[in-house]
Amino acid sequence: MASIRPARRTFAILAILLAFCSAQNLTSSKRGLCYVASSHSSSDDSIWTSSGSDLTWYYNYQASPTSSISGSSLQFVPMQWGAPTSDTDMTFFNTVQGLINGGQKIPYVLGFNEPDGCVSGGSCISAQLAAQTWIREVEPLKKQYGVRLGAPAVTGSPMGFVWLQSFFTACAGNCTPDFIPVHFYGSFEGLASHIGQVNATYPNMTMWVTEYAYANVTLQESQSFYNQSEAFLDRLSYVTHYSYFGAFRSDVSNVGPDAAMLTQKGQLTDIGAWYLGQRATGNVPKGGSARSVRFAGWAVVVAAVCLWAAN
Ligand SMILES: *[C@@H]1O[C@H](CO)[C@@H](O)[C@H](O)[C@H]1NC(C)=O
Ligand SMILES: *[C@@H]1O[C@H](CO)[C@@H](O)[C@H](O)[C@H]1NC(C)=O
Ligand SMILES: *[C@@H]1O[C@H](CO)[C@@H](O)[C@H](O)[C@H]1NC(C)=O
Ligand SMILES: *[C@@H]1O[C@H](CO)[C@@H](O)[C@H](O)[C@H]1NC(C)=O
Ligand SMILES: *[C@@H]1O[C@H](CO)[C@@H](O)[C@H](O)[C@H]1NC(C)=O
């Protein structure tokens with residue numbers, strides 16, 4: 001008799017843990033690669049395109065594909081990063097047209113990268129210049145080739161909304177994006193509230209979350225953010241694509257080591273493995289916080305149960 005009660009309790013705990021395991025999709029067709037070149041590209045790029053990866057698309061902030069990725073099944077999405085200085089420049093349009101004429105499938109392109117941002121990677125352009133460039137080089141891709149267009153990807157700050165509104169005003173009805181790319185750095189609550197605000201502002205457009213992470217927090221916080229946001233983005237039907245930032249090594253990460261998908265040695269971290277639809281690796285990125293140790297016991301139990309259930 002004495003052995004029955006602990007067995008029952010174990011069974012109840014197992015049942016709860018099993019419900020927890022199945023709450024999340026292991027893989028998701030929405031996931032893509034936000035490609036950032038690094039000095040380790042030659043050894044690291046194949047990780048994203050390996051047969052065990054669930055990624056379906058990628059962008060690289062440029063108009064042309066990345067050669068190490070272009071042979072894979074990942075759909076390339078060209079980006080018009082900034083605005084050329086010449087008002088007759090057709091480089092972006094011509095490059096994408098060349099890809100299409102060369103037989104590549106180009107269902108989507110992305111607009112400007114953080115045009116409202118003038119530090120850390122933003123293209124820093126006026127709404128007027130962006131509108132002119134869009135009408136000349138981006139809009140014709142839709143008219144001529146049926147390419148679906150991603151609106152300018154503003155920063156997650158309140159200024160982003162202001163810039164995008166100025167852009168639409170400057171367009172005077174001549175810019176017709178099909179979806180809104182979203183960037184956000186911060187907590188899960190912040191991300192969810194930001195996405196809600198974008199949906200409320202542009203209710204008729206689907207969304208791509210093309211850069212997001214909880215920067216500069218502990219490993220435990222990074223992983224918990226990752227788990228919550230992944231489940232949330234998979235559930236929201238109007239978010240059709242997302243790409244986590246980032247796909248690089250922890251020692252060169254500009255969002256803190258614990259958010260990275262690779263360790264300083266180029267191995268998948270837990271977040272990196274989960275993003276590709278794989279099981280946790282246990283590889284701790286350099287700079288990983290000792291604060292996560294307190295939860296390690298439970299993480300091991302949950303991982304063991306999930307493993308056991310999956311087999
Ligand atoms: C998550 O899994 C459910 C059930 O299998 C499926 O219907 C849904 O399409 C999946 N979501 C994604 C984004 O893959
Ligand atoms: C997104 O906006 C639409 C239209 O306003 C609304 O019906 C829907 O509930 C919103 N979705 C969420 C998750 O807030
Ligand atoms: C969204 O679409 C609905 C139905 O087509 C339309 O009535 C509404 O005006 C649109 N809203 C915006 C902001 O474009
Ligand atoms: C994140 O989810 C994985 C399963 O996908 C789980 O093993 C892990 O314990 C979770 N971590 C946190 C901090 O929620
Ligand atoms: C994270 O920290 C790095 C290094 O201190 C800093 O450059 C970066 O701006 C921070 N990122 C965010 C989003 O807070």
Side-chain angles (χ1 to χ4, degrees), residues 16-28 31 54 114 117-122 155-157 160 179-180 182-188 190-207 209 211-240 244-246 248 250-260 268-285 287-289 291-310:
I16 291 165
L17 290 175
L18 276 175
F20 187 78
C21 302
S22 57
Q24 269 174 313
N25 286 18
L26 206 54
T27 64
S28 167
R31 287 180 209 155
D54 68 345
E114 303 198 345
C118 294
V119 289
S120 61
T155 65
S157 77
F179 60 91
I180 299 241
V182 172
H183 287 187
F184 189 81
Y185 292 97
S187 67
F188 172 70
L191 173 73
S193 132
H194 184 71
I195 286 176
Q197 201 183 340
V198 175
N199 178 53
T201 312
Y202 300 102
N204 288 0
M205 271 195 254
T206 52
M207 237 178 263
V209 183
E211 275 189 26
Y212 73 102
Y214 195 2
N216 301 322
V217 293
T218 64
L219 188 59
Q220 163 72 26
E221 287 166 319
S222 302
Q223 294 187 346
S224 139
F225 166 85
Y226 174 81
N227 282 358
Q228 285 180 285
S229 55
E230 178 198 89
F232 179 69
L233 297 175
D234 280 340
R235 205 166 55 233
L236 280 186
S237 58
Y238 60 78
V239 173
T240 62
Y244 178 76
F245 196 87
F248 36 70
S250 57
D251 57 343
V252 296
S253 169
N254 60 354
V255 287
D258 293 316
L268 284 170
T269 61
D270 287 351
I271 289 177
W274 292 329
Y275 193 68
L276 299 191
Q278 300 167 12
R279 297 202 180 98
T281 59
N283 295 327
V284 176
S289 168
R291 266 175 279 178
S292 63
V293 167
R294 197 155 53 93
F295 289 85
W298 277 106
V300 168
V301 172
V302 174
V305 172
C306 294
L307 258 173
W308 168 77

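Remember, it's 1-based here, ligands and their atoms both numbered in the order they're listed.
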Cation over ring face, Arg31 and Tyr275, 6.0 Å, 45°
yes

What atoms in ligand 4 come closer than 4.0 Å to a heavy atom of Gln220?
13 (C)

Which atoms of ligand 4 have any heavy atom of Ser224 under 4.0 Å away?
13 (C)

Would you find a donor on one side and an acceptor on the other, under 3.5 Å apart, between the side chain of [X] and the backbone of [Y]?
X	Y	value
Asn283	Leu268	yes
Thr269	Ala260	yes
Asp54	Ser28	yes

Is the distance between the ring centroids of Phe245 and Tyr212 under 6.0 Å?
no

Are Tyr226 and Tyr244 an aromatic pair by the rule of ring centers under 6.0 Å?
yes

How long is the straight-line distance from CE of Met205 back to CZ of Phe179, given to the nearest 0.5 Å?
10.5 Å

Scan the protein's non-hydrogen atoms and note whether one is under 4.0 Å from atom 4 (C) of ligand 5.
no

Any non-hydrogen protein atom below 4.0 Å of atom 7 (O) of ligand 5?
no

Which residue owns the protein heavy atom closest to [atom], what's the atom, and how far is it?
atom	result
atom 14 (O) of ligand 2	Asn199 ND2, 3.6 Å
atom 1 (C) of ligand 5	Asn216 ND2, 1.6 Å
atom 9 (O) of ligand 5	Asn254 O, 4.7 Å
atom 13 (C) of ligand 5	Ala215 CB, 3.5 Å

Pick one of side chain, backbone, both or neither for how Tyr226 approaches ligand 4, counting any non-hydrogen atom pair under 4.0 Å.
neither

Based purely on interatomic distance, does Asn227 place a nitrogen or oxygen under 3.5 Å from a nitrogen or oxygen of ligand 4?
yes

May I ask you to list the atoms of ligand 2 that are less than 4.0 angstrom from any heavy atom of Pro203?
4 (C), 5 (O)

Looking only at heavy atoms, is any part of Val255 under 4.0 Å from ligand 5, and if so is it the side chain, the backbone, or both, or is it neither?
neither

Taking the side chain as every heavy atom from C-beta outward, state whether Asn227 and Phe188 have any pair of such atoms under 4.5 Å apart.
no

